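Input: a single structure, listed below in structure tokens.
Bear in mind that the values here come from a model prediction, so they are computed numbers and not experimental data. In what follows, every heavy atom counts, from backbone to side chain, and hydrogens, waters and symmetry copies are set aside. All chains are named by letter (A, B, ...) in the order of the sequence lines, taking the proteins before the strands, and each is independently numbered beginning at 1.
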Amino acid sequence: MAKLTLDALSEKYARRLAGNVSRRSVISRLGALLVAAPLMPVLPVARSEAEEPSEFTRNAQTQDPKKCSYWRYCGIGGVLCTCCGGGVHTCPAGTTPSPTSWVGTCVNPDDSKSYLIAYRDCCGALACRTKCECEATDRDTPSYRPQSDNGIVWCLGLSTMAYHCSTAVLLGSAE
Amino acid sequence: MAKLTLDALSEKYARRLAGNVSRRSVISRLGALLVAAPLMPVLPVARSEAEEPSEFTRNAQTQDPKKCSYWRYCGIGGVLCTCCGGGVHTCPAGTTPSPTSWVGTCVNPDDSKSYLIAYRDCCGALACRTKCECEATDRDTPSYRPQSDNGIVWCLGLSTMAYHCSTAVLLGSAE
Amino acid sequence: MNHYRSRQTQQVTRRRGAWFCVTAVFAAAIAAAATPAAPPPEVSDVAVLPPSNTHRVWLVELYSGQMQVVDGDSGDLLGSVYSSSLSNFASGRSTNRIYVAESVWSKGNRGTRQDMVTVYDGTTLKLLTEIPLPGRVYMAPLTHNFAVSANGARGYVYNMQPAASVIVTDLATNRVLRSVDIPGCALAFPWGDNGFSSLCGNGSLATVSLESPHPAIKRSEVFFDAENDPVFDESPSNRSTGRTFFISYSGVVHPAVLGATPALEAPWSLQQAAGLQPASVQNGTLAWRPGGRLPFAVHGPSGRLYVLMHAGEPWSHKKEGTELWVADSKERRIVRRMTLPTAVTAIAVSQDAQPLLYLVDVKETLTILDAMTLEEKKKVEQVRGVVPYVPDL
Amino acid sequence: MNHYRSRQTQQVTRRRGAWFCVTAVFAAAIAAAATPAAPPPEVSDVAVLPPSNTHRVWLVELYSGQMQVVDGDSGDLLGSVYSSSLSNFASGRSTNRIYVAESVWSKGNRGTRQDMVTVYDGTTLKLLTEIPLPGRVYMAPLTHNFAVSANGARGYVYNMQPAASVIVTDLATNRVLRSVDIPGCALAFPWGDNGFSSLCGNGSLATVSLESPHPAIKRSEVFFDAENDPVFDESPSNRSTGRTFFISYSGVVHPAVLGATPALEAPWSLQQAAGLQPASVQNGTLAWRPGGRLPFAVHGPSGRLYVLMHAGEPWSHKKEGTELWVADSKERRIVRRMTLPTAVTAIAVSQDAQPLLYLVDVKETLTILDAMTLEEKKKVEQVRGVVPYVPDL
């Protein structure tokens, strides 16, 4: 398979892109990119400016990163590395961070501000055996919008493809 | 691994051997065979001629070969092929009978007579996923007596080693 | 959790020489004890599957691999087909062949990657051949990651590395024919014998006809809002008729007949068809919405559409169904709503005149219903992480 | 049953060119919105294990593979090591290396068989190398199918194809040194740095010293009744001291100190040590008997022997323990009997002065007890089909 080396690049640009636009808009624009031509404009369904918080955001907490409700996990899907010998941004020993990641925007309930989070898989051993399995499907899109589909194994390009767990790396403020 | 082709031979001789000796004695003699030299005589613990039936024998039935208590399964260990698309002596489609088998002596409760049963594994796909898992450990010995150890995978020598399920082939009367 | 169990088999000796020794010692005594009245010994044999019928169902383990062929009437397991993890299964015509698109590493979690379509005989379940592939998408399996044409002659393998393409294989000669780029699109919904359509990230459909040696891609107009209300990957489709229902996360049904020129019909709302308001895509709005692993099944002859529904907010499309809705897709009307005692993750329906509906629930039980009356006909417990497929669909 | 789950990651674009296009469009707006007060972005990194201590425990999945390194004090998972199914794990000295004896087929269930010892660094858990093997017994894993010498310099791989042998590997140079035939025997119980003993089918012990280039096998007298009351494969042994308790299915303890000349001591009965009658080997006789997957653990410094016991008839040696018996092996006396609220399949004990006892039960919970007081210290649920090992034993 093609070796993916867009890692630093993609996070960097995604961060800049997402700096003052909503995560939804980023997805929309990146999604459109994948379609070479013609770029048919898709009119989003009308919605208010100040959108209601999602179910995840309403229930988020900042104390326990071993729980699915930890605020950074608004877009995570899989097993939490915090339960597997890793940390919020640390892969467990013997595994390798995936070469690519998706950037989500999560609200920290302590300051009600939005932050950019890179979801990065750790690849290597079999799936980590733990109770800490989470699936936050906020804006998890189908496979034809792979940039936000949580079903694809993105350990591609590494010497091992086996998925082990997922981290949520804080990139910075989204406001 | 060495290709095992002793199949027909082993069953044939085992049957003849077991024709008028108890299963225990057969095990003893075959076990002793594995020790090249010196053949130290092992004195069995004294026991009465008419031994009590084992727990398995006391609870055996002849109606449902999809249950662990079916009379032929007195020495079986693993998943019943009867639950996996096979039969009492039939491997499921796509699997291959193991080249070797162990011969046990089971009592049919309908006539209270002893019969010789060859336990033959079917190899090929992954372990059959079913509820029908049985482990009859009557005279299941440690690995240093492999002739009656139910832990060894005897799919050796086949193009695939994966264990799928176990059959219980009726060889004939043991009396 | 692991169902591998040790088992009792036996290698009876190590050396032929030793056997002859034993034979010599005991032969006389044994010969005397022969019982002439004994029944002839049974012989080990290998089953073949009974002739296929319309009530056959496949139970596919999406993650760990292996597929079980089950008889829908009895609930009996007829046989199993191995696969590596994250594999896709597809059937030839009338299930005469079973195809597995799989990715295997030569040392388990490491080594050389090998992508292939592995071909099994549909009756003996014997491995016939392997068709090496130049790639394959590696993901939680979706039905339309791998599909076979209606006549069983071609296989379509969705690939993403990360450019999107469909690898077309010839299933008569067991080789790769060509790879067709489908930029910005994904999956392969076959229609008839000579083409497939793919769903695209801008809300359109890409259609590839394979009649010509250089297949062209035709793109439809944008017909759904891929950003705010995408249609399910697992939208149900029939390879023979091309009849497809692209169904969105909020419950909008976009009917289509796939073909060289796909016919896209006017959309309708599942909720409106039940006399309710259409579901909103606004955060925080509760509504009945479709969801699950395989939330849809269509009975072609009657046009009945079965949908797993749950009460949820937007983006709850993976939540299991707590109600089963039955729609008359021609009249666009919900004709039945049934509460599910245990939440259901995946459904399938047979295509005959006495159809069976297969439901797998979160407690890993397969329940088989009469698809017309919704009466329970059979329950199979501990089916363990599978989804049901009706082959040859 | 399968714990693989899909997950959310992202490849953000397909083409660099496309990115630059996006950048051009949005760069100005984004630059203006930069927040100088934002915290510096975190960096993805990889953990290493904390320094090993005496309360480290391995949870090994016997059938599906993979081992978890767990901290016995907190119950926390520290890291995982991959293996193929039916693999054996062993540790180097002080767990500086983790060795996996495994058999892998190049296409999952088919293809070329590859037997190897895979070597992992004990701190980074990185794969260091693979030592190809000429064979390896393929069976439900037993502790002494694969063992490492006390100084960590040699690995012993039990092989049966079907002739029995032990493959001796040099773990400094990562190569096979030799294969030693052990006809009629099985397993490798290492003692010290230069030898191992094996259990034999006639009830004796075979001992192999590796000092000479042509190792000779010394056989002990027959010391147990291998036909009617065999000793457990999982009889507990310490590779450094050679102290071993061969324990029979009926509960007879045969103490031994393994070495170039093994010292076999007089046997004693667990039941007698508890003031009961010795268990009979006659069918139908009920008694307390040892049983389970790993029914024994020995705390070397104190000589305490922990045994899983159940009420059963002969040949019930795989039944889980409903009582835990604690024996003083020096005084040959049961000092404690504790009822187990959930039946336990496997135990292990740490070797320090404040020892921990690890129990895995049929509900797949790991319970950690103070091995002296038997007070519960920790519970870890859903450990899923594992057995506990204390490494470097």
To check you understand the geometry: which heavy-atom pair defines the closest contact between Arg120(A) and Ser44(D), and what is its length?
CD-OG, 2.5 Å
Most heavy-atom pairs under 4.5 Å with chain D, out of Gly94(A), Cys122(A), Pro97(A), Gly86(A), belong to Gly94(A)
Under 4.5 Å to a heavy atom of chain A? For Leu49(D) that would be both
Salt-bridge contact Arg72(A)-Glu42(D) (side-chain N to carboxylate O under 4.0 Å):
yes
For the OG1 atom of Thr130(A) and the CD atom of Gln68(D), what is their distance to the nearest 0.5 Å?
8.0 Å
What part of Asp76(D) is in contact with chain A, defined as an atom under 4.5 angstrom from a non-hydrogen atom: side chain, backbone, both or neither?
side chain
Find out whether Lys126(D) and Thr96(A) are in side-chain contact, i.e. whether some heavy atom of one side chain is under 4.5 Å from a heavy atom of the other.
no
Relative to chain D, which segment of Lys113(A) carries a heavy atom at a distance below 4.5 Å: side chain, backbone, both, or neither?
neither
Name, in order of residue number, those residues of residues 93-102 of chain D that have a heavy atom at a distance of less than 4.5 Å from a heavy atom in chain A; otherwise write 'none'.
none
Between Arg129(A) and Ser80(D), does the side-chain contact (heavy atoms from CB on, under 4.5 Å) criterion hold? Intermediate values first, please.
CA-CA 9 Å; Arg129(A) 313 292 165 98; Ser80(D) 307; over 6 Å; no
Report the option among Thr95(A), Thr90(A), Thr167(A) that has the most heavy-atom pairs separated by less than 4.5 Å from atoms of chain D.
Thr90(A)
Checking Val46(D) against chain A: side chain, backbone, both or neither under 4.5 Å from a heavy atom?
both
Need one label for Cys84(A): side chain, backbone, both or neither, based on atoms under 4.5 Å from any heavy atom in chain D.
both
With respect to chain A, which residue among Val70(D), Val43(D), Val81(D), Val386(D) yields the maximal number of heavy-atom pairs within a distance under 4.5 Å?
Val43(D)
Using the side chain to side chain contact (heavy atoms under 4.5 Å, CB included) definition, which of the options Cys128(A), Cys132(A), Pro92(A) pairs with Leu77(D)?
Cys128(A)
